[in-house]
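Only heavy atoms go into these numbers, but all of them, side chains included; no hydrogens, no water, no symmetry mates. Keep in mind the model is a prediction, meaning the values are calculated, not measured.
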2 protein chains.
Amino acid sequence: MNVDETAPQKGTVTQRAIERIKAMIAEGRLEPGQRLPTERDLAAQLGISRSSMREAIRALTVLGVLEARHGSGIYVTQLEAGDLLETFGVVADLSRGPRLVELLEVRRILESTATAMAAARITPDQLAEVEKHLTAMNATDDPEEILAHDLAFHREIVAAAGNETMAAILEGLSSRTFRARVWRGYQEEGAFTRTRREHAAIHRALVARDPEAARAAAAAHVGEVEEWLRTQLGG
Amino acid sequence: MNVDETAPQKGTVTQRAIERIKAMIAEGRLEPGQRLPTERDLAAQLGISRSSMREAIRALTVLGVLEARHGSGIYVTQLEAGDLLETFGVVADLSRGPRLVELLEVRRILESTATAMAAARITPDQLAEVEKHLTAMNATDDPEEILAHDLAFHREIVAAAGNETMAAILEGLSSRTFRARVWRGYQEEGAFTRTRREHAAIHRALVARDPEAARAAAAAHVGEVEEWLRTQLGG
DNA sequence: CGACTGTATTGGTCGGACCACCTCGCTGGT
DNA sequence: ACCAGCGAGGTGGTCCGACCAATACAGTCG
């Protein structure tokens with residue numbers, strides 16, 4: 001009989017190694033920030049080759065679970081929302097057609113709620129930061145700069161809502177490449193002035209600390225783009 | 001001067017390979033379902049070793065972008081919401097403490113809206129399926145079976161909302177291991193009857209085709225667990 | 001005591017070998 | 001002419017061993 005459970009033999013050895021390491025973290029045997037054994041030792045422990053172990057480590061690295069530092073070692077990340085949800089941007093980058101509308105719908109739901117929450121609890125400092133990006137956005141004609149401040153504007157508001165997980169998801173849904181692809185066409189139709197008005201409305205609701213007004217303004221803001229994109233596709 | 005752009009040399013070769021393949025898909029040079037060249041050919045094309053290429057492929061495989069079939073070849077997935085958001089479950093599995101509350105908050109926001117949407121557009125067939133799981137859930141005492149029908153109950157409703165992306169996200173937020181970890185403690189406190197009442201309320205709202213009632217019922221349902229978990233942590 | 005250096009450690013890359021599985025064309029019989 | 005069975009080639013999966021590159025640390029020198 002087996003001294004060690006070498007066992008089920010399901011799936012590839014690499015896949016099993018991924019599950020084993022994930023399980024170690026889930027069970028608390030590996031803490032955030034902790035350093036793992038070397039690739040060579042890990043491979044020996046699980047009875048697989050270094051090559052297969054490297055594939056497992058690489059997979060967990062792109063998932064934001066592990067972090068490999070050349071010459072130093074392999075570490076568990078802090079496992080914070082930002083670490084794990086970075087891959088969410090991949091979804092936005094590779095989605096096309098109808099799925100882009102669905103993503104915008106998700107963003108509308110989450111961002112409108114986040115903006116409402118922010119209206120109720122935003123601090124003066126955070127509000128000042130929001131205003132900074134609002135004015136900067138209106139003071140330039142460079143589309144690149146406008147986009148950057150646009151992103152920062154919403155990012156500050158979402159951060160003020162106080163839910164890091166939601167913020168990380170919305171960050172992925174507003175990733176640079178995603179916005180650039182959709183915004184390009186949208187803004188070409190002279191939507192700048194409308195965007196400015198909508199941003200102003202969101203800002204007013206924040207100043208007034210009116211959650212419902214903030215929710216409506218944010219929903220309308222995203223909804224505008226959503227509607228435009230829908231007509232672009234459906235016909 | 002370079003005949004072929006042999007590149008900036010930023011990051012590891014594997015990381016660059018991942019970006020190259022992702023870019024090929026984003027640019028449409030690789031269609032969903034299409035077969036890629038062999039690992040050996042791909043490695044040669046990008047001028048890297050097969051080992052490094054395999055790590056890149058493995059990474060894209062766990063992200064749900066590629067699919068490797070032993071003996072056959074490597075294929076691009078259908079790139080549907082379910083494929084790409086499967087990794088979302090990892091977040092739920094590895095989150096602990098305050099982040100679990102944040103995840104439940106996100107679920108509350110999305111699921112309440114999804115349930116409201118479902119109330120407006122659910123078909124008789126779908127409603128019958130929902131009822132099937134509702135009665136089955138109430139007809140047994142086996143916690144495992146209850147959990148299974150509970151999941152299916154919500155899954156059917158969310159599917160009726162018509163947004164596959166949202167459904168895929170909620171699937172990750174309700175993954176078996178996540179629910180098992182939280183529900184275990186929650187149900188031990190005799191919350192079965194309360195859960196049954198809440199499910200009944202959601203069902204009534206769907207039958208009445210009342211979106212706002214459905215939203216409220218779903219929000220309360222998730223909110224109950226959220227509140228319970230908050231007290232478990234905060235003290 | 002501090003800056004420097006050299007050496008051991010560790011992840012990154014490479015090339016080759018062999019195995020397991022699948023595909024598809026060939027073969028032989030009906 | 002058709003089809004079941006078989007076999008060779010192709011492809012991903014795994015392993016090994018070697019070397020490179022970045023880091024960490026201890027010992028050394030000013």
Side-chain angles (χ1 to χ4, degrees), chain A residues 4-22 24-25 30 32-78 83, chain B residues 4 6-22 24-25 30-78 83:
Chain A
D4 58 335
E5 57 258 70
T6 40
Q9 284 287 30
K10 55 183 173 185
T12 68
V13 295
T14 302
Q15 196 61 40
R16 263 180 288 161
I18 293 175
E19 298 301 331
R20 289 280 295 268
I21 297 177
K22 261 175 51 182
M24 281 193 250
I25 296 174
L30 285 176
Q34 182 176 339
R35 190 192 141 157
L36 279 66
T38 69
E39 294 179 343
R40 296 166 173 87
D41 288 348
L42 271 176
Q45 282 181 29
L46 300 193
I48 65 178
S49 72
R50 194 187 160 204
S51 312
S52 300
M53 178 54 71
R54 272 189 61 77
E55 288 186 23
I57 293 170
R58 174 72 65 178
L60 290 169
T61 297
V62 302
L63 287 179
V65 176
L66 299 182
E67 180 190 355
R69 301 180 204 160
H70 192 168
S72 174
I74 306 164
Y75 302 81
V76 182
T77 67
Q78 290 309 119
D83 299 323
Chain B
D4 58 334
T6 43
Q9 285 284 30
K10 56 182 174 184
T12 67
V13 294
T14 302
Q15 197 61 41
R16 262 179 289 159
I18 293 175
E19 298 301 331
R20 289 280 296 267
I21 297 178
K22 261 175 51 183
M24 282 194 248
I25 296 174
L30 286 176
E31 294 289 328
Q34 183 177 342
R35 188 190 147 161
L36 278 68
T38 70
E39 293 179 344
R40 295 163 173 88
D41 289 347
L42 272 175
Q45 282 181 29
L46 301 193
I48 66 179
S49 71
R50 191 186 162 204
S51 312
S52 299
M53 178 53 72
R54 272 191 60 79
E55 289 185 23
I57 293 170
R58 174 71 65 175
L60 290 169
T61 296
V62 301
L63 288 179
V65 176
L66 298 182
E67 179 189 356
R69 300 181 204 158
H70 192 169
S72 175
I74 307 165
Y75 302 81
V76 182
T77 68
Q78 291 307 120
D83 299 323

Trainee: How long is the line joining CD of A:Glu39 and P of D:dA21, in whole Å?
Mentor: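 Rounded to whole Å, this separation is 17 Å.
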
Trainee: Assign each of A:Ser72 and A:Arg58 to its nearest nucleotide of DNA chain C by heavy atoms, then name whichever residue's nucleotide is nearer the 5' end.
Mentor: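 Result of the comparison: A:Ser72.
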
Trainee: Write down the atom of B:Ala59, the atom of A:Arg58, and the distance for their closest heavy-atom approach.
Mentor: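 Answer, listing the atom of B:Ala59 first, then A:Arg58: CB-CG, 4.2 Å.
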
Trainee: Quick check for you: to the nearest 0.5 Å, what is the distance between A:Ile48 atom CD1 and A:Leu42 atom CG?
Mentor: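 CG of A:Leu42 is found 8.5 Å from CD1 of A:Ile48.
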
Trainee: Please examine the side chains of A:Ile74 and A:Glu67, heavy atoms only from C-beta on, and report whether any two atoms are closer than 4.5 Å.
Mentor: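 Not in contact.
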
Trainee: Between A:Arg35 and A:Ser72, is there a donor-acceptor pair closer than 3.5 Å when you use the side chain of the first and the backbone of the second?
Mentor: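 Yes.
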
Trainee: To the nearest Å, how far apart are B:His70 NE2 and C:dC18 C1'?
Mentor: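 Computing the B:His70:NE2 to C:dC18:C1' distance gives 12 Å.
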
Trainee: Whole angstroms only, please: what is the CG-C1' distance between B:Leu42 and C:dC14?
Mentor: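 Value for this atom pair: 17 Å.
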
Trainee: Listed in order of residue number, which residues of residues 44-57 of chain A have a non-hydrogen atom at under 4.0 Å from DNA chain D?
Mentor: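 Under 4.0 Å from DNA chain D: A:Ile48, A:Ser49, A:Arg50, A:Ser51, A:Ser52.
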
Trainee: So does B:Arg40 reach the base of D:dG12 with its side chain, donor to acceptor, closer than 3.5 Å?
Mentor: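 Indeed there is one.
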
Trainee: With a 4.0 Å limit, can you tell me whether B:Thr38 has a side-chain N or O closer than that to the phosphate oxygens OP1/OP2 of D:dG10?
Mentor: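 Answer is no, no contact under 4.0 Å.
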
Trainee: Reading DNA chain D from 5' onward, which residue's closest nucleotide shows up sooner: B:Asp41 or A:Gln15?
Mentor: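 It is B:Asp41, whose closest nucleotide lies nearer the 5' terminus.
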
Trainee: Using salt bridge (charged side-chain N to carboxylate O under 4.0 Å, His left out), reason through A:Glu19 and A:Lys22 one step at a time and then give a plain yes or no.
Mentor: CA-CA 5 Å; A:Glu19 298 301 331; A:Lys22 261 175 51 182; 3.8 Å; yes

Trainee: For B:Leu66 and D:dT11, what is the distance between atoms CG and P respectively, to the nearest whole Å?
Mentor: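 Value for this atom pair: 17 Å.
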
Trainee: Starting at atom CZ of A:Arg69, determine the distance to atom P of C:dG11, rounded to an integer number of angstrom.
Mentor: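 After rounding, the reported distance stands at 12 Å.
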
Trainee: Whole Å only: how far is the CG atom of B:Leu36 from the P atom of D:dT11?
Mentor: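 So the CG-P distance, B:Leu36 to D:dT11, works out to 13 Å.
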
Trainee: So do the side chains of B:Leu63 and A:Leu63 get within less than 4.5 Å of each other, counting heavy atoms only?
Mentor: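 Yes, close enough: below the 4.5 Å cut-off.
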
Trainee: Between D:dG13, C:dT13, C:dG11, which nucleotide gets closest to the side-chain atoms of B:Val13?
Mentor: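 Per side-chain heavy atoms of B:Val13, the pick is C:dT13.
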
Trainee: For B:Val13 and B:Arg16, work out which heavy atoms get closest and say how close.
Mentor: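 Smallest interatomic distance, heavy atoms only, reads CG1-NH2, 3.1 Å.
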
